[in-house]
Visitor: 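I am attaching a structure below and will ask some questions about it afterwards.
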Amino acid sequence: LATSGIVEAVPVPGVLRRLVAGGSNVNLSYFIGVYVVIALASTVLILGRSLLQFWSSLKASKVIHERLLHTILRAPVRFFDTTPAGRLINRFSKDMETIDQSLSSSLAIFLTELISSVAILIVIAVITPAFTLGAIIVAAIYWVIGGLYLSASREIKRFESVTKSPIYTQFGETLSGVSTIRAYGQESR
């Protein structure tokens, strides 16, 4: 046959030669069983991580909400005179939404990427030690850029929060004064 001539012409290890030639006595069910065990273990670990992440996110959100509510309810009256109601509503809506939806998934992604990056850097540093110097320089540059980004991002988030507060205040005042608006027939405004 033509395949037997190719097998003999190409230098291959003995096991691979038997597989290609068709004279295999490899127990295929063993390898499939190992693959199934790995797939099931991976599925169970991913499910466990997701459940832990969900449960931890709910617990953290509940604790933070209770602390925020406890602090607001025990604040002096002067605080409510100087802080617009829209800012308080913004804290209870947007900030709690961020904690509920974004924080836990962002943390999981961060930890996954951090562990992967550290493992990759260790492997590369062991194989190519000269890489370490370049990696340190690049890491320092990224550290500086990250610091600049964080300060700018923090200001943008603060500005976004402050600009949304008047909208919540206006909406709250409109709801509380809806009877007056209707009494004067100013619904169209």
Side-chain angles (χ1 to χ4, degrees), residues 13 16 31-75 79-80 82-172:
L16 186 58
F31 291 105
I32 291 176
V34 170
Y35 178 73
V36 167
V37 167
I38 291 171
L40 288 175
S42 175
T43 302
V44 167
L45 289 174
I46 289 171
L47 179 66
R49 185 197 72 180
S50 297
L51 289 174
L52 180 67
Q53 177 183 342
F54 178 72
W55 179 78
S56 300
S57 176
L58 282 178
K59 186 174 180 181
S61 178
K62 181 180 178 184
V63 167
I64 290 172
H65 184 270
E66 287 174 354
R67 285 182 186 171
L68 181 62
L69 184 63
H70 182 269
T71 304
I72 294 295
L73 291 177
R74 281 150 183 80
F79 172 77
F80 295 103
T82 59
T83 306
R87 191 171 299 163
L88 295 175
I89 294 170
N90 191 25
R91 288 286 170 255
F92 276 100
S93 61
K94 176 67 175 145
D95 293 353
M96 292 308 295
E97 174 193 356
T98 301
I99 291 169
D100 288 342
Q101 295 178 359
S102 303
L103 191 62
S104 65
S105 61
S106 296
L107 181 63
I109 291 170
F110 170 74
L111 289 176
T112 302
E113 295 302 322
L114 179 70
I115 291 169
S116 297
S117 298
V118 168
I120 290 169
L121 288 175
I122 289 172
V123 168
I124 292 174
V126 167
I127 294 172
T128 313
F131 168 79
T132 308
L133 178 65
I136 291 171
I137 293 170
V138 170
I141 292 170
Y142 272 111
W143 189 270
V144 170
I145 291 172
L148 295 173
Y149 169 78
L150 280 177
S151 62
S153 174
R154 193 175 301 121
E155 286 299 314
I156 290 171
K157 291 283 187 186
R158 186 191 61 77
F159 183 69
E160 177 189 13
S161 176
V162 169
T163 55
K164 281 186 177 178
S165 295
I167 296 170
Y168 288 126
T169 302
Q170 175 75 27
F171 185 71

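Just so it is clear, the structure is predicted and the values come from calculations on it, not from any experiment.
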Visitor: So, taking the atom named CG in Leu150 and the one named CD in Glu155, what distance separates them when rounded to the nearest 0.5 Å?
Guide: 12.0 Å
Visitor: Look up atom CH2 in Trp55 and atom OG in Ser104, then write down how far apart they are to the nearest 0.5 Å.
Guide: 13.5 Å
Visitor: Salt bridge (charged side-chain N to carboxylate O under 4.0 Å, His left out) with Glu66: which residues, sequence neighbours excluded?
Guide: none
Visitor: I'd like to check Arg49 versus Thr112 (side-chain heavy atoms, cut-off strictly below 4.5 Å). Are they in contact?
Guide: yes
Visitor: Which pair of non-hydrogen atoms, one from Gln53 and one from Ala108, has the smallest distance, and what is that distance?
Guide: OE1-CB, 3.6 Å
Visitor: Does Ser151 use its side chain to pair, donor to acceptor, with the backbone of Leu148 at less than 3.5 Å?
Guide: yes
Visitor: Using side-chain heavy atoms (C-beta onward) and a distance below 4.5 Å, is Leu68 in contact with Ile72?
Guide: yes
Visitor: Other residues, nucleotides and ligands only: do more than 12 of their heavy atoms fall within 6.0 Å of CZ on Phe80?
Guide: yes
Visitor: Would you mind telling me which of Leu40, Ile38, Val34 makes a side-chain contact (heavy atoms from CB on, under 4.5 Å) with Val36?
Guide: Leu40
Visitor: Indicate every side-chain donor-acceptor pair of residues 127-138 with a distance under 3.5 Å to a residue at least two apart or in another chain.
Guide:
residue, atom, partner, partner atom, Å
Thr132, OG1, Pro129, O, 3.1

Visitor: For Ser57, does its backbone N or O pair with a side-chain atom of Ser61 as donor and acceptor, under 3.5 Å?
Guide: no
Visitor: Are the side chains of Leu88 and Phe79 in contact, using a 4.5 Å heavy-atom criterion?
Guide: yes
Visitor: Which residues pass the salt bridge (charged side-chain N to carboxylate O under 4.0 Å, His left out) test with Arg67, sequence neighbours left out?
Guide: none
